[in-house]
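Note that the coordinates shown come from a computational prediction; the quantities given were computed from them, not determined experimentally. Every number for a ligand or one of its atoms is a count from 1 in the order of the listing.
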Amino acid sequence: MTDRSQAAPVIAIDGPSGSGKGTIAARVAERLGWRLLDSGALYRVVAWAALGRGMSLDDAERLAGMTASLVIEQDPGAIRVDGVDVTTAIREERISVGAAAVARLPEVRQALRGVQQGMRVAPGLIADGRDMGTEVFRDAELKIFLDASVEERARRRHKQLMEKGSGVSLRDLFASIQARDESDRNRAVSPLRRAPDAISIDTTKMSVEAVVAEVLKHVEARGLTAGTARGGEG
Ligand code: DC
């Protein structure tokens with residue numbers, strides 16, 4: 001258990017893929033000058049390392065042992081494993097599929113728990129994921145649950161991929177987001193769900209700026225910014 005009186009504050013931001021979590025978490029972290037944890041990237045790293053070693057994605061014990069041996073360094077916008085920059089490599093579709101598979105294994109989740117909790121450092125941590133508020137940081141000072149309609153999330157992902165030059169169709173994306181939601185929400189361990197004490201924000205019709213402003217309003221209301229907030233730019 002974490003000792004609340006000594007631990008740095010945590011803002012947990014959970015939600016399904018395409019809800020805007022990553023963007024919002026990064027902006028809020030920047031505004032507050034707090035550390036950022038992209039927990040989904042950690043599951044991607046495990047899948048990347050396992051596939052690179054030719055390991056089976058359902059050998060829970062071996063995967064957990066390997067996970068514990070990895071040296072993972074995460075900075076805003078970059079992630080390294082054992083000194084190798086994997087920022088781009090972990091975004092490939094085969095890694096998305098592999099990450100969803102390893103995320104179903106309690107042994108892997110347990111091995112990553114310490115890595116995640118170790119990132120809780122002063123002045124504070126913005127933790128982005130699926131189970132930040134329900135499992136890893138149950139005592140977070142503020143919990144936000146972001147959501148958006150499947151149509152809007154598929155549209156956002158489509159725009160992102162088009163900008164990167166990928167020709168994937170909106171219809172295929174809609175189906176793959178629905179399948180991923182199904183897997184994330186219905187898995188036996190740490191399924192995606194809103195913590196009872198989380199604040200829900202439906203971002204379907206909101207701009208990024210509006211969502212950031214809404215989150216910061218709650219941050220301020222809880223007195224979490226004292227001495228740490230950066231100016232009102234951006
Ligand atoms: O957010 P993302 O697409 O990068 O997440 C990759 C996978 O990891 C996805 O299948 C959900 C899973 N995940 C999880 O189980 N728990 C988290 N805290 C974050 C992500």
Trainee: Tell me whether Asp14 is salt-bridged to Arg193, with the criterion being a basic N under 4.0 Å from an acidic carboxylate O.
Mentor: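 Salt bridge: no.
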Trainee: Taking the side chain as every heavy atom from C-beta outward, state whether Arg222 and Glu141 have any atom pair closer than 4.5 Å.
Mentor: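 No, side chains not in contact.
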Trainee: Establish, from distance only, whether the side-chain atoms of Thr134 and Arg194 form a donor-acceptor pair under 3.5 Å.
Mentor: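 There is no such pair between these side chains.
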Trainee: Does a side chain donor of either Arg44 or Ser96 reach within less than 3.5 Å of an acceptor in the other side chain?
Mentor: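 Yes.
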Trainee: How far is atom 20 (C) of ligand 1 from its nearest protein heavy atom, and which residue and atom name does that atom have?
Mentor: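 Minimum-distance protein heavy atom for atom 20 (C) of ligand 1 reads Gly40 CA, 3.5 Å.
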Trainee: Apply salt bridge (charged side-chain N to carboxylate O under 4.0 Å, His left out) to residues Lys217 and Glu220 and explain how you reach the verdict.
Mentor: CA-CA 5 Å; Lys217 196 181 78 187; Glu220 211 157 295; over 6 Å; no
Trainee: Looking only at protein heavy atoms, identify the closest one to atom 16 (N) of ligand 1 and say how far it is in Å.
Mentor: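 Nearest neighbour among protein heavy atoms for atom 16 (N) of ligand 1, to 0.1 Å: Arg109 NH2, 3.0 Å.
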Trainee: Of all the atoms in ligand 1, which lie at a distance below 4.0 Å from a heavy atom belonging to Arg44?
Mentor: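 Once the distances to Arg44 are compared, the set is 2 (P), 3 (O), 4 (O), 6 (C).
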Trainee: Any idea which atoms of ligand 1 are less than 4.0 Å away from a heavy-atom of Met132?
Mentor: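 Within the 4.0 Å cut-off of Met132, ligand 1 contributes 18 (N).
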Trainee: Which atoms of ligand 1 have any heavy atom of Arg180 under 4.0 Å away?
Mentor: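 The list of qualifying atoms is 3 (O).
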Trainee: Which residue owns the protein heavy atom closest to atom 1 (O) of ligand 1, what's the atom, and how far is it?
Mentor: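 Residue, atom and distance for the closest contact: Arg130 NH1, 2.9 Å.
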Trainee: I'd like to know if Arg156 and Glu152 make a salt bridge, using a cut-off of under 4.0 Å between side-chain N and carboxylate O.
Mentor: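 Counted as a salt bridge, because a side-chain N and a carboxylate O are separated by less than 4.0 Å.
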Trainee: For ligand 1, is any non-hydrogen atom under 4.0 Å from Arg187's backbone (N, CA, C, O), its side chain (CB onward), both, or neither?
Mentor: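 Just the side chain.
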Trainee: Taking the basic N atoms (NZ, or NE/NH1/NH2) and the acidic carboxylate oxygens, is any pair closer than 4.0 Å for Arg27 and Glu209?
Mentor: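 Looking at Glu209 together with Arg27, the answer is yes, because their closest N to O distance falls below 4.0 Å.
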Trainee: Number the atoms of ligand 1 from 1 as they appear, then name those within less than 4.0 Å of a heavy atom of Ala103, with their elements.
Mentor: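 This gives 12 (C), 15 (O) as the contact atoms.
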Trainee: Atoms of ligand 1 less than 4.0 Å from Ala100 heavy atoms?
Mentor: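 Answer, ordered by atom number: 10 (O).
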Trainee: Is the shortest side-chain N to carboxylate O distance from Arg109 to Asp131 below 4.0 Å?
Mentor: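 Here Arg109 pairs with Asp131 in a salt bridge, since their nearest N and O are under 4.0 Å apart.
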Trainee: Give the residue, atom name and distance (to 0.1 Å) of the protein heavy atom nearest atom 7 (C) of ligand 1.
Mentor: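 The closest heavy atom on the protein side is Ala99 CB, 3.8 Å.
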Trainee: Among all protein heavy atoms, pick the one closest to atom 8 (O) of ligand 1 and tell me residue, atom and distance.
Mentor: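 Heavy-atom neighbour on the protein nearest atom 8 (O) of ligand 1: Tyr43 CB, 3.6 Å.
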Trainee: Checking the N or O distance criterion of under 3.5 Å, is ligand 1 in contact with Asp38?
Mentor: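 No - when backbone and side-chain N and O of Asp38 are compared with those of ligand 1, no distance drops under 3.5 Å.
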Trainee: Are any of the N/O atoms in Asp131 less than 3.5 Å from those in ligand 1?
Mentor: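 Between Asp131 and ligand 1 (N or O atoms, distance only) the closest approach is under 3.5 Å.
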Trainee: For the 3.5 Å polar cut-off, considering only N or O atoms, please tell me whether Ser17 and ligand 1 meet it.
Mentor: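 No.
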Trainee: Stepwise, does the salt bridge (charged side-chain N to carboxylate O under 4.0 Å, His left out) test hold for Asp85 with Arg80?
Mentor: CA-CA 4 Å; Asp85 188 327; Arg80 284 177 301 281; 5.4 Å; no
Trainee: Can you find a side-chain donor-acceptor pair between Arg120 and Gln117 that sits under 3.5 Å?
Mentor: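 No, no side-chain donor-acceptor contact under 3.5 Å.
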Trainee: For ligand 1, which atoms have a heavy atom of Ser39 less than 4.0 angstrom away?
Mentor: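 Atoms satisfying the 4.0 Å criterion: 17 (C), 18 (N), 19 (C).
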